[in-house]
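Since the structure is predicted, the reported quantities are computational estimates derived from the model, not experimental observations. Labels below follow one simple rule: chain letters A, B, ... track the order of the sequence lines, proteins then strands, and each chain is numbered from 1.
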There are 2 protein chains.
Amino acid sequence: MIRRPGIKDVAASAGVSIKTVSRVVNAEEAVHPETRARVLHAIQVLGYVPNTAARSLKSGTGGAIGVVIDSLADPFFAALVSAIETRALAEGLSVLVASSNLDSDQERDQLLSLVAGHQVAGVIFAPVAAEHPYLDAYRTVTPVVAVDRSRAGFDSIVVDDRGATVLAVQQFVDLGHERIAFFDRDQRFSTIERRMSGYLDVLREAGLPFDPELVSETVDGSLDYRSEADRLLGLDRPATAFFASNAKAAIGLTAALHRSHRQHTAMIAFGDFSFADVVRPGVSCIDQDPFLIGNAAFERLLARRESSSDEPREWIVPTALLQRGSGEIPAPVTTSETGTATATETATATATRGGAR
Amino acid sequence: MIRRPGIKDVAASAGVSIKTVSRVVNAEEAVHPETRARVLHAIQVLGYVPNTAARSLKSGTGGAIGVVIDSLADPFFAALVSAIETRALAEGLSVLVASSNLDSDQERDQLLSLVAGHQVAGVIFAPVAAEHPYLDAYRTVTPVVAVDRSRAGFDSIVVDDRGATVLAVQQFVDLGHERIAFFDRDQRFSTIERRMSGYLDVLREAGLPFDPELVSETVDGSLDYRSEADRLLGLDRPATAFFASNAKAAIGLTAALHRSHRQHTAMIAFGDFSFADVVRPGVSCIDQDPFLIGNAAFERLLARRESSSDEPREWIVPTALLQRGSGEIPAPVTTSETGTATATETATATATRGGAR
DNA sequence: ATGAAAGCGCTAACAT
DNA sequence: ATGTTAGCGCTTTCAT
């Protein structure tokens with residue numbers, strides 16, 4: 001017979017009832033040690049593995065959690081899922097991954113498939129749509145946590161976009177820069193808009209004028225990083241420092257600067273990337289740690305399983321500014337030097353990180 | 001009531017029996033168009049999503065496939081899973097991911113959990129252990145495909161390790177190199193051993209002596225790439241060309257060469273990495289396309305579902321040698337030049353690839 | 001073209 | 001401490 005062993009086979013083999021087997025498997029109540037041993041032996045011999053389908057059919061909630069992210073091809077999200085998977089494994093849960101590809105419809109299909117179809121024990125997702133009303137019917141039974149982007153009504157794990165940007169741009173100001181570029185604004189993403197607001201705040205407080213020419217903007221989803229970098233460097237009063245608003249832009253900018261032999265231009269990137277510490281000078285980065293975010297999200301999921309009572313809120317995960325060289329380059333000396341001489345010590349957490357991935 | 005709608009609710013709402021609803025959902029046989037329309041309407045209104053647990057309990061095989069890989073934190077495997085996920089989505093299947101972390105026991109636990117516990121419709125895995133006898137009981141019902149590393153008895157999707165290495169090392173020989181380093185041999189991995197054998201074959205055919213000093217070897221899982229590179233460059237007769245046997249070694253080697261200002265040393269890497277085309281010169285790579293491998297694996301899984309009859313075999317996915325500069329650097333001219341002058345045209349497929357990831 | 005009833009493997013009452 | 005029984009939501013015979 002090719003039929004896989006079921007609880008009945010174990011029961012028969014151990015000479016007990018199926019309920020006793022169930023009790024042993026689920027570590028329920030007290031089973032006589034001798035009986036338990038016999039059952040465990042039978043399980044071993046037969047190679048019995050409980051059928052999760054039957055289990056979740058009965059209990060209404062399964063042995064897997066669902067994760068919906070932009071795309072697994074994005075290293076940040078891949079690392080995020082990896083962190084979640086590690087935690088899930090320890091908890092005896094499996095992980096169902098699905099990509100939204102930043103499409104609201106696909107996001108809806110994937111979420112419903114997980115929550116209604118697979119009856120997952122919880123969902124962690126990087127929200128795309130502004131609202132997710134279709135989840136309402138399930139949220140009483142399935143905890144849902146948002147990551148990377150915040151959504152009202154959900155526990156949301158995010159990094160302090162605005163605050164981290166403030167520290168980075170302030171560092172440029174302290175180094176005497178007056179022409180600071182915001183490289184790749186994209187109004188479709190609220191996280192990037194929050195970084196933009198931090199940028200503006202620092203300029204205002206420092207008394208520096210805001211120059212729209214210093215902002216590169218992605219329109220219709222595309223921006224040629226190379227020519228955009230050339231434009232900023234070719235202005236009458238060129239940019240002397242670059243804040244790259246996301247890892248993709250940072251990679252493009254780094255490549256562009258290297259190709260134009262301008263790699264000694266000051267630069268800080270939001271988001272770490274694999275070769276940031278390989279190129280010279282190293283690219284200073286705001287480190288958005290996917291493991292920290294993944295762990296926090298999983299933690300929230302577990303907490304929600306216990307008490308679904310308390311109000312959902314935003315959970316802010318700390319970032320670090322990795323000083324690798326490119327962010328510490330001072331402004332070139334100009335004839336009309338007006339910058340203050342007070343080189344304020346930044347309160348930024350600093351760290352170095354070895355081993356490129 | 002917070003109960004999610006079931007097939008019964010749909011049946012009641014549409015005024016038909018549950019079997020008719022089942023038929024509509026599964027696109028079975030011919031249902032009267034009018035009836036079908038009524039059922040579809042009811043499904044729409046109620047937001048009905050079939051319960052996969054019940055479905056797989058009944059049918060014995062579920063709506064998900066399982067993928068077990070080394071680690072999602074490895075960009076190659078993340079991209080591989082991404083490719084698989086895309087294909088699965090089109091087929092209406094979900095993806096359960098699990099990591100082995102290169103541990104045989106964990107591999108076994110994960111595989112059994114997927115196959116016996118979740119009753120997945122198929123498994124794609126990057127094998128760790130040499131044998132997987134515990135899968136035998138399930139393979140008649142669950143198709144299993146190996147990727148990246150080959151295993152007898154399984155359909156295995158691999159790239160032509162030896163052949164691709166031969167092309168790369170031959171290119172060095174054609175450019176006059178006589179001191180070619182094999183950077184990072186690791187005897188634990190059969191793929192890397194196959195690359196090693198290709199390296200040896202080229203040397204033998206070219207009449208070049210094999211010098212063990214030119215082989216860097218990972219022992220006990222660790223190798224300091226930087227000092228190892230220095231050693232090879234500091235030999236009495238130093239290495240003039242490097243074959244990096246894997247992406248991790250390639251990253252370490254690139255960093256080491258740049259730090260020592262030796263970036264104009266000839267180098268070809270097995271496996272592409274994100275900044276290979278950003279540094280100068282670009283690092284020539286043997287491109288091991290995860291999307292190609294993922295697609296081939298999924299294809300095999302589907303084929304196995306149809307006919308499990310034919311003998312499992314190895315499926316070799318093509319590679320390309322991406323000429324980016326570092327692999328085309330000729331040997332420095334020496335006083336005792338003995339190399340033939342015939343610069344053989346290589347049969348290598350060449351391509352350029354834009355956009356660093 | 002449609003329906004009734006049995007049962008997949010397990011857990012949760014409710015015995016004993 | 002252990003056993004009996006019902007039923008989760010669906011698909012699958014077998015009728016009609």
Side-chain angles (χ1 to χ4, degrees), chain A residues 1-40 42-43 46-64 113 115-119 121 138 141, chain B residues 1-40 42-43 46-64 113 115-119 121 138 141:
Chain A
M1 195 54 176
I2 39 168
R3 197 170 54 83
R4 59 195 83 197
I7 198 172
K8 275 193 283 204
D9 303 299
V10 177
S13 164
V16 296
S17 81
I18 60 169
K19 177 60 207 178
T20 302
V21 177
S22 173
R23 276 198 259 266
V24 170
V25 170
N26 296 300
E28 259 176 47
E29 306 165 30
V31 178
H32 194 91
E34 204 176 281
T35 317
R36 146 173 275 107
R38 230 176 32 231
V39 171
L40 287 174
I43 287 173
L46 296 173
Y48 169 70
V49 178
N51 181 330
T52 55
R55 191 177 278 192
S56 71
L57 176 56
K58 185 68 194 156
S59 65
T61 182
S113 159
V115 167
H118 289 281
Q119 313 215 132
Y138 303 96
V141 59
Chain B
M1 196 54 178
I2 38 169
R3 198 171 54 82
R4 61 194 83 197
I7 198 171
K8 275 193 283 203
D9 304 297
V10 177
S13 164
V16 296
S17 80
I18 59 169
K19 176 58 206 176
T20 302
V21 177
S22 173
R23 277 199 258 265
V24 170
V25 170
N26 296 299
E28 258 177 46
E29 306 165 29
V31 177
H32 195 90
E34 204 174 281
T35 317
R36 145 173 275 108
R38 236 182 20 237
V39 171
L40 288 174
I43 288 174
L46 296 173
Y48 168 71
V49 178
N51 181 330
T52 57
R55 188 177 280 191
S56 71
L57 175 56
K58 187 65 194 162
S59 65
T61 182
S113 159
V115 167
H118 288 282
Q119 313 214 135
Y138 303 96
V141 58

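- Summarising the geometry of A:Gly47 relative to B:Tyr138, their closest heavy-atom pair is O-OH, 3.7 Å, with the distance given to 0.1 Å.
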Original post:
After noting the C-alpha distance and the side-chain angles of A:Ser22 and A:Asn26, does the key distance pass the side-chain contact (heavy atoms from CB on, under 4.5 Å) rule?
Top reply: CA-CA 6 Å; A:Ser22 173; A:Asn26 296 300; 3.4 Å; yes
Original post:
When you look at B:Ile43 and B:Val25, which way does the side-chain contact (heavy atoms from CB on, under 4.5 Å) test go after all the steps?
Top reply: CA-CA 9 Å; B:Ile43 288 174; B:Val25 170; 3.9 Å; yes
**OP:** Starting at the 5' end of nucleotides 2-8 of chain C, put B wherever the base has a protein heavy atom under 4.0 Å, S where only the sugar-phosphate does, and a dash everywhere else.
**Re:** BBB--BB
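- Nearest heavy-atom pair, B:Gly117 versus A:Val49, reported as atom, atom and distance to 0.1 Å: N-CG1, 3.7 Å.
- Of all heavy-atom pairs spanning A:Ile18 and A:Ile7, the tightest one is O-CD1, 3.5 Å.
- For the OP1/OP2 pair of D:dT11 and a distance below 4.0 Å, the side-chain nitrogens and oxygens of B:Arg55 include at least one atom meeting the criterion.
- As a whole-Å value, the separation of B:Gln119 CD from D:dT11 P is 15 Å.
- The distance between atom CZ of A:Arg38 and atom C1' of D:dT2, rounded to the nearest whole Å, is 11 Å.
- An end-to-end axis angle of 30° holds for the helix from C:dA1-D:dT16 to C:dT16-D:dA1, taken from five base pairs per end and rounded to 10°.
- We find the CG-OG1 distance between A:Leu40 and A:Thr35 to be 10.5 Å, quoted to the nearest 0.5 Å.
- Among residue pairs with one or both ends in residues 51-61 of chain A, those qualifying as side-chain hydrogen bond (donor to acceptor under 3.5 Å, both in side chains) are A:Asn51-B:Gln119, A:Thr52-B:His118; sequence neighbours excluded.
- Rounded to an integer number of Å, the gap from CG of B:Asn26 to P of D:dT12 is 8 Å.
- Contact annotation: B:Asn51 does not reach the phosphate of D:dC8 (side-chain N/O to OP1 or OP2, under 4.0 Å).
- Nearest heavy-atom pair, A:Val10 versus A:Val21, reported as atom, atom and distance to 0.1 Å: CG1-CG1, 3.8 Å.
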